Amino acid sequence: MSSLAKNYNRRKIAFKRGKGSFLYSTNGKKYLDFVQGIAVNSLGHANPHLIKAINKQAKKVWHVSNAFIIPEGEKLAKRLTQKTFADYVIFQNSGTEATEAAIKVARRYFYSKGKPDKNRILCVKNSFHGRTIAAIFASGSKKMTEGFGPKVGGFDHFTFGDNKSLKKAINNKTAAIMIEPVMGEGGIKVVPNWFLRELRKICNKKKILLILDEVQCGIGRSGNFFAFESSGVKPDIVPIAKGIGGGFPIGAVLMSKKVASAMVPGTHGSTFGGNPLAMSIGNAVLDKIFKKGFLKNIKKTSKYFHNELNKIKNNYPKLIKEVRGLGLLIGLQLFNDQKRFIQKLENSKLLTIRAAENVVRILPPLNVKKSEIDIAIKIITKVCKEF
Ligand SMILES: Cc1ncc(COP(=O)(O)O)c(C=O)c1O
């Protein structure tokens with residue numbers, strides 16, 4: 001009998017070790033892991049470079065406090081700002097803390113400008129930004145907020161794809177629009193570049209900040225470092241997490257100089273966020289992701305994967321509705337509930353995970369090999385045949 005609370009519907013499977021794209025279960029089976037901790041293990045399991053980095057840092061110093069200078073964090077922040085739109089970074093421990101911090105930065109910016117009433121955050125209805133009490137009310141989803149009242153105010157919502165509802169939801173109290181460039185939990189729905197550009201235009205016109213939540217789609221997963229990059233849009237605030245830690249809990253909020261100016265001492269903090277151990281692992285992840293050709297290779301392997309999946313879709317048009325996503329953030333949308341399909345994939349030793357709208361989410365490590373994609377394609381084809 002487990003003493004863990006029942007807030008998860010856990011699958012009846014446990015693992016004793018992992019290597020690259022593979023996981024080995026406690027009952028001696030080998031699985032191709034295309035969940036990777038839900039887009040977290042960007043370099044797969046037991047990556048030698050990450051193992052070296054964690055061991056090296058573990059022998060030096062794990063944790064101090066943000067009351068002191070942390071050179072490893074200074075280095076990681078510098079690298080993130082040099083390669084992106086951002087001028088400043090605040091480190092956290094998870095995605096939901098990063099989105100909360102993003103909300104705080106937006107509100108504090110307008111407060112510092114003498115506009116404390118400009119504090120409302122406009123989000124997509126039924127989106128996902130994490131599980132803290134503020135983040136669930138940001139989602140505008142009944143399922144996430146039910147039973148967790150009183151309602152946290154300060155959030156408005158618009159229906160994705162409905163421009164009328166977007167325009168109607170904006171008022172002079174709107175401080176920021178927050179959206180995921182690819183809605184991960186929401187079913188791997190890619191927000192088109194034209195819409196991101198439209199949002200930027202609206203934000204400029206109405207003097208609203210743009211928060212792009214890259215917790216799931218960022219850090220190379222889309223084939224660019226950030227999923228929004230291909231739109232040419234420059235956001236004001238970007239929360240990140242998942243892939244930046246490669247399996248170690250790291251979150252961060254990246255921001256422009258303009259908004260960072262409001263984050264004066266005492267406005268935000270975290271005991272663990274940005275500690276030396278986490279930061280040296282974050283740096284080790286970036287060593288690989290910033291390596292010449294790494295992102296280009298994701299584009300190449302993901303193109304191959306999408307093409308192969310589309311071939312399967314064309315062969316099974318009554319089963320698969322759409323192949324969605326960007327890069328290695330892939331969704332296979334089925335016409336019917338995906339639960340049995342995911343179970344059959346697991347029975348055939350391929351691990352995937354659900355997302356909304358009957359989507360089977362496929363999240364290989366970013367350094368996945370073509371031969372491993374071929375194994376997945378074979379298994380998916382076999383399961384399609386069985387249906
Ligand atoms: C877009 C997005 N934002 C925020 C979060 C929350 O991250 P975490 O679970 O690390 O708190 C997630 C997690 O799936 C996410 O996909």
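Hydrogens, waters and symmetry mates are skipped; everything else that's a heavy atom, side chains included, is used. Atoms within a ligand are numbered from 1 in the order they appear, just like the ligands themselves. All figures in this text were calculated on a predicted structure; none of them were measured in a lab.
Atoms of ligand 1 lying under 4.0 Å from any heavy atom of Gln216, numbered from 1 in the order shown and given with element: 14 (O), 16 (O). The Thr96 neighbourhood of ligand 1 comprises atoms 6 (C), 7 (O), 8 (P), 11 (O), with distances under 4.0 Å to a heavy atom of that residue. Near Glu185, with a cut-off below 4.0 Å to any heavy atom, the atoms of ligand 1 are 14 (O).
Closest heavy-atom approach to atom 7 (O) of ligand 1 among the candidates Ala39, Gly95, Gly186, Gly130: Gly95.
The pair Asp374-Lys370 meets the salt-bridge criterion, with a side-chain N (NZ, NE, NH1 or NH2) lying under 4.0 Å from an Asp/Glu carboxylate O.
By the 4.5 Å heavy-atom criterion applied to side chains, Lys83 and Phe225 are not counted as neighbours. Between Tyr31 and Glu346, some side-chain heavy-atom pair lies under the 4.5 Å cut-off. Contact check for Phe128 versus Asp213: no side-chain heavy atoms found under the 4.5 Å cut-off.
At a 3.5 angstrom cut-off on N or O pairs, Asp213 counts as close to ligand 1.
The part of Lys242 lying near ligand 1 is the side chain, judged by heavy-atom distances below 4.0 Å.
In summary, the side chains of Ser127 and Ser139 do not present any donor paired with an acceptor at a separation below 3.5 Å, with no hydrogens or angles considered.
Glu180 OE1, 3.1 Å is the protein heavy atom nearest to atom 1 (C) of ligand 1.
A cation-pi arrangement is present between Arg107 and Phe155, with the terminal nitrogen or guanidinium carbon under 6.0 Å from the aromatic centre and inside a 45° cone about the axis.
For atom 3 (N) of ligand 1, the nearest protein heavy atom lies closer than 4.0 Å.
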